[in-house]
2 protein chains.
Amino acid sequence: MTKPTTISVLAETLRKQSSLSEKKIAKVVAAYKPFPTKHNQVLVRKGDIAKYLYFVEKGYLRVFVTDASGNQFTRFLIEGGMEGTAFPSFISQKISSASVQCVGKAEVLRISYDELQKLYQAVPEFERLYRKVIEMAYVSSIHRIETLISMNSRERYLQLLKEKPKWFQQLPANVIAEYLGITKETLSRLKSAK
Amino acid sequence: MTKPTTISVLAETLRKQSSLSEKKIAKVVAAYKPFPTKHNQVLVRKGDIAKYLYFVEKGYLRVFVTDASGNQFTRFLIEGGMEGTAFPSFISQKISSASVQCVGKAEVLRISYDELQKLYQAVPEFERLYRKVIEMAYVSSIHRIETLISMNSRERYLQLLKEKPKWFQQLPANVIAEYLGITKETLSRLKSAK
DNA sequence: TGATTTTGTTGACATTTATCAACAGCTAAG
DNA sequence: CTTAGCTGTTGATAAATGTCAACAAAATCA
């Protein structure tokens, strides 16, 4: 079990990204509960409803889908300081087509859908903040679509290497490959070709 | 010149997707101005700042990027009843990497970034509605990412044919191909292979 | 620690898709 | 009507990427 040792990252992030008072930050932080996870633990299973939004204190979560042959494809990687879940399921509270899993060990906080609605009432400015979170996530997904439709695997690899060098140190290669939309063999060859 | 003949689609859409009063719907509709367009007119040029959000009354807009060799890639297609623009530029009010263009003839309304902020003040519920628009756009972009990383061109083609059969009747094949992330030759072959 | 599973690399080959070129059909303009 | 341009199709070929298999290295667990 990896127990959260601290919940400071969320508070820090709120201070940086919003102008919420310390009191309100405390309210928000209190609404997110530390959730102990095991190595590679699955947080949302395909077919479940995503009931929680997860804030990553440390490590990574991956959101992935599987095809008929059981191949996995990583839709998103959520790194420390970011939050996410199987989003389409979370906002609609309907069955998820994707799964969410810890990559190795991760420390996360979570807030339920219902608690989040209550938080909007308690801290109205939080709703605007949430909108910003969505906007940012949307912008980064647009960026992702662009690279997927306009670049070949080598260009995507080099771009990610430039934008997220840490990922290559901290994440297993097959996860990176799934994220890039290529096989682990192709990624391995791109690395050695440099 | 294609002059908007009606602005009913926006009002209709607002009635369906929100519980705004008729008075407030009128306010919102009044804030969107008809913008006459020419055949294939470019609304946002790469390098510009996207100053307007466009609502499509009729026809289609395409949001596309170009690579170094001048190849074009369609990031999004905005159909009648939807709104959009070069979104990352619009929300940040920074230079756009993408262009927005009418596909053939289109009838559009537009609202400036500043007007939109004013509209939030005048009609507070509109802000929540806007958040929903973003959420939906985000969800559809997630869907797009999934298909791009997990399906080959034939699977993507068949899925689009199923989800958006009208597009194949109303849009030129090269635009569809760009949207699917394949060449027009490959699309042509997929069609004939069936 | 040693055993076992996971992860990463490499090779041979197959498949998918892009590129380049030629051409037919259609449309718009003079 | 005729020409020029645009759109879509088809063929030949090349390039990119996936698949399958074998193996090496590393991490995990009992």
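Between the side chain of A/Arg189 and the base of C/dG8, no donor-acceptor pair under 3.5 Å is found. On a pure distance criterion of 3.5 Å, no polar donor-acceptor pair joins the side chain of B/Arg156 and the base of C/dT16.
Between A/Leu148 atom CG and D/dT17 atom C1' the separation is 15 Å, expressed in whole Å. Note: CG (B/Leu171) to P (D/dC6) measures 19 Å, nearest angstrom. Spacing between atom CG of A/Leu180 and atom C1' of D/dA16 amounts to 15 Å, rounded to whole angstrom units. Between the CD atom of A/Glu185 and the P atom of D/dA22 there is a distance of 14 Å, given to the nearest Å. With rounding to whole Å, B/Leu190 atom CG is found 14 Å from D/dG8 atom C1'. The NE2-C1' distance, from B/His39 to C/dA29, rounds to 14 Å in whole Å. Note: CD (A/Glu155) to C1' (D/dT17) measures 14 Å, nearest angstrom. Going from atom CG of B/Asn71 over to atom C1' of C/dC20 covers 13 Å, rounded to whole Å.
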Stepwise salt bridge (Lys or Arg N to Asp or Glu O under 4.0 Å) test for A/Arg131 and B/Glu127: CA-CA 10 Å; A/Arg131 198 192 78 199; B/Glu127 186 162 8; 2.5 Å; yes
The test is side chain to side chain donor-acceptor pair (under 3.5 Å); show your working for B/Gln170 and B/Tyr60 and say whether it passes. CA-CA 9 Å; B/Gln170 299 176 344; B/Tyr60 294 87; 2.5 Å; yes
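Note on A/Gly181: only backbone sugar-phosphate atoms sit closer than 4.0 angstrom, heavy atoms only; bases stay farther off. Within 4.0 Å of A/Leu187, counting heavy atoms only, lies no atom of the nucleic acid at all.
Contact between the side-chain N/O atoms of A/Thr186 and the OP1/OP2 oxygens of D/dG18 is found at a separation under 4.0 Å. Using a 4.0 Å cut-off, some side-chain N or O of B/Ser192 falls inside it from OP1 or OP2 of D/dT10.
Aromatic rings from A/Tyr52 and A/Tyr32 are positioned such that their centres are separated by 6.0 Å or more.
If you check D/dG8, D/dT28, C/dT9 against the side chain of B/Lys184, the one that comes closest is D/dG8. Of the candidate nucleotides D/dT10, C/dT10, D/dG18, D/dT10 has the atom nearest to the side chain of B/Ser188. Of the candidate nucleotides C/dT17, D/dG18, C/dT7, C/dT7 has the atom lying nearest to any side-chain atom of A/Asn174.
There is a side-chain donor-acceptor pair under 3.5 Å between B/Ser141 and A/Ser141.
Smallest separation of non-hydrogen atoms from B/Ser97 and B/Lys46: O-CG, 3.6 Å.
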